[in-house]
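First the structure, in the form of structure tokens, and then the observations on it.
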Amino acid sequence: MEEKNRIIRLRGIKKRFFEGTENQIEVLKGIDMDVYEGEFVSIVGASGSGKSTLMNIIGALDRASEGSYILDGVDIGKAGDDRLSRIRNKKIGFVFQTYNLIPRTSALKNVERPMLYAGIPRDERTERAKQLLDMVGMTDRLKHNPDELSGGQKQRVAIARAMANHPAILLADEPTGALDSKTGRLIMDIFHRLNKEQAMTIVLITHSPELAEETGRIFTLMDGEITGERKGSAYKCS
């Protein structure tokens with residue numbers, strides 16, 4: 001793949017906690033990783049492997065102790081806090097296991113919220129929010145609050161919200177972890193369609209080898225190190 005198409009470049013990423021104390025722990029031990037535009041990749045590992053720490057660094061929610069991270073041409077290590085906030089809002093779409101929707105706020109307003117922060121005019125953000133909710137099959141739930149939605153419906157709203165500001169990547173952290181297998185299948189099919197039809201770059205964080213197998217490339221994380229990289233199978237969504 002050409003250099004210009006690289007979205008994520010991690011080199012020598014280390015993360016230490018309690019640094020400089022006798023309790024210092026090195027959770028990430030030198031991660032090298034590239035993700036290219038339009039890829040659907042997964043990072044798979046057991047609990048305690050460092051997945052959450054790596055996700056936080058990829059998502060610019062935390063900073064590495066050592067190493068370099070380039071996201072869509074931006075050197076994250078050199079970005080100030082205000083710029084990181086803008087990067088999280090505009091370049092990264094987050095989908096979490098726990099949905100993280102705003103209570104007592106309609107599905108429509110939840111999807112509009114990132115665009116509000118980005119300064120998008122009201123009519124424009126409302127129209128795009130409606131289009132995104134239609135894309136994930138939630139047109140008939142526009143006015144419903146999260147407590148009126150099932151787990152799968154909440155996750156579909158969360159995916160629509162993640163797409164609001166045309167992000168460079170979608171970062172999905174155990175997105176089916178709280179769902180039954182049938183609903184989880186529906187969510188994974190949405191990711192596959194986004195990747196295939198909109199060339200959306202997706203990074204899936206999962207403990208499930210079966211889900212990881214559906215992605216184009218699989219990075220195996222163990223004890224803070226990438227111990228393997230291989231191709232996944234070509235899953236065809238329904």
Side-chain angles (χ1 to χ4, degrees), residues 1-11 13 31-45 51-62 64 67-77 79 83-97 100 111 114-115 118 128 131-132 135-136 155-156 158-176 187-206 208 211-221 226 229-237:
M1 296 185 185
E2 297 180 7
E3 182 78 13
K4 66 180 181 180
N5 292 330
R6 184 162 48 189
I7 294 291
I8 290 172
R9 180 184 186 272
L10 300 173
R11 290 293 182 273
I13 292 293
I31 301 293
D32 294 338
M33 180 178 169
D34 293 309
V35 177
Y36 295 85
E37 186 176 17
E39 278 199 291
F40 190 175
V41 307
S42 57
I43 301 170
V44 63
K51 295 194 310 298
S52 294
T53 302
L54 181 55
M55 184 213 72
N56 286 340
I57 288 173
I58 293 173
L61 296 167
D62 198 3
S68 67
Y69 174 24
I70 308 297
L71 170 63
D72 198 23
V74 177
D75 189 335
I76 297 299
R83 191 176 189 196
L84 281 184
S85 180
R86 292 193 297 271
I87 287 168
R88 285 192 297 269
N89 189 44
K90 294 186 176 182
K91 286 190 177 290
I92 307 169
F94 293 95
V95 181
F96 297 102
Q97 178 177 339
N100 287 11
V111 177
M115 292 181 277
R128 176 156 174 78
Q131 291 173 354
L132 289 167
M135 178 188 72
V136 297
Q155 197 61 294
R156 282 188 276 168
I159 293 170
R161 179 187 59 187
M163 294 290 291
N165 286 329
H166 307 279
I169 64 168
L170 276 187
L171 186 57
D173 181 25
E174 301 281 7
T176 65
I187 296 303
M188 284 299 293
D189 283 349
I190 290 174
F191 285 129
H192 284 292
R193 287 199 299 272
L194 287 172
N195 176 247
K196 182 178 179 180
E197 297 172 9
Q198 299 189 29
M200 189 71 230
T201 306
I202 303 173
V203 178
L204 172 71
I205 314 293
T206 183
S208 168
L211 289 185
E213 192 62 40
E214 295 185 17
T215 67
R217 280 195 301 148
I218 303 165
F219 296 92
T220 300
L221 191 65
I226 290 179
E229 176 190 339
R230 62 185 178 84
K231 290 184 178 181
S233 63
Y235 181 83
K236 292 181 172 60
C237 61

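Scope of the values below: all heavy atoms of this structure, side chains included, with no hydrogens, waters or symmetry mates. Positions are given from 1, in the same order as the sequence printed here.
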Next item on the list: Could you list the residues that satisfy ring pair (Phe, Tyr, Trp, His ring centres under 6.0 Å) with F219, not counting sequence neighbours?
Entry: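 Here no residue qualifies.
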Shortest non-hydrogen contact from [X] to [Y]?
| X | Y | answer |
| --- | --- | --- |
| I87 | A79 | CD1-CB, 4.5 Å |
| G67 | I13 | C-CD1, 3.9 Å |
| K51 | G45 | NZ-O, 2.9 Å |
| R88 | G59 | CG-O, 3.4 Å |
| P167 | L170 | CG-CD2, 4.3 Å |

If you define the side chain from C-beta out and look only at heavy atoms, does anything of [X] sit under 4.5 Å from [Y]?
| X | Y | value |
| --- | --- | --- |
| T215 | F191 | no |
| I226 | D32 | no |
| R156 | M135 | no |
| I190 | Q155 | no |
| M55 | F94 | no |
| R9 | S68 | yes |

Is a side-chain N or O of [X] found less than 3.5 angstrom from the main chain of [Y], in a donor-acceptor match?
| X | Y | result |
| --- | --- | --- |
| E39 | G216 | no |
| S42 | V44 | no |
| T201 | G38 | yes |
| N165 | N89 | yes |
| R128 | A164 | yes |

Once you round to the nearest 0.5 Å, how far does [atom1] of [X] lie from [atom2] of [Y]?
| X | Y | atom1 | atom2 | result |
| --- | --- | --- | --- | --- |
| H166 | M200 | NE2 | CE | 10.5 Å |
| D34 | L10 | CG | CG | 7.5 Å |
| S52 | I205 | OG | CD1 | 8.5 Å |
| D62 | L84 | CG | CG | 10.5 Å |
| I7 | I92 | CD1 | CD1 | 11.0 Å |
| L194 | K196 | CG | NZ | 13.0 Å |

Note to self: Would L204 and M188 count as a side chain to side chain contact (heavy atoms under 4.5 Å, CB included) here? Give the steps.
What the structure shows: CA-CA 10 Å; L204 172 71; M188 284 299 293; 4.2 Å; yes
Using residues 69-76 as the side-chain source, report each donor-acceptor pair under 3.5 Å to any protein atom, sequence neighbours left out, with the distance given to one decimal.
unit_1 : atom_1 : unit_2 : atom_2 : d
Y69    : OH     : I58    : O      : 2.6
D72    : OD2    : K91    : NZ     : 2.8
D75    : OD1    : G77    : N      : 3.1

Notebook entry, point to check: M163 pairs by side-chain contact (heavy atoms from CB on, under 4.5 Å) with which of L132, V136, V111, V95?
Noted result: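 Of the listed options, the one satisfying the test is L132.
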Notebook entry, point to check: Has R83 got more than 12 heavy atoms of other residues, nucleotides or ligands less than 6.0 Å from its CZ?
Noted result: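 Open.
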Next item on the list: Output, in order, the C-alpha distance, side-chain angles, deciding distance and verdict of side chain to side chain contact (heavy atoms under 4.5 Å, CB included) for R230 and E213.
Entry: CA-CA 10 Å; R230 62 185 178 84; E213 192 62 40; 3.0 Å; yes
Margin query: Walk me through whether L221 and I31 qualify under side chain to side chain contact (heavy atoms under 4.5 Å, CB included).
Written below: CA-CA 9 Å; L221 191 65; I31 301 293; 3.7 Å; yes
Note to self: Using the side chain to side chain donor-acceptor pair (under 3.5 Å) criterion, which residues pair with Q97? Sequence neighbours excluded.
What the structure shows: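 Partners of Q97 by the side chain to side chain donor-acceptor pair (under 3.5 Å) criterion come out as none, since no residue qualifies.
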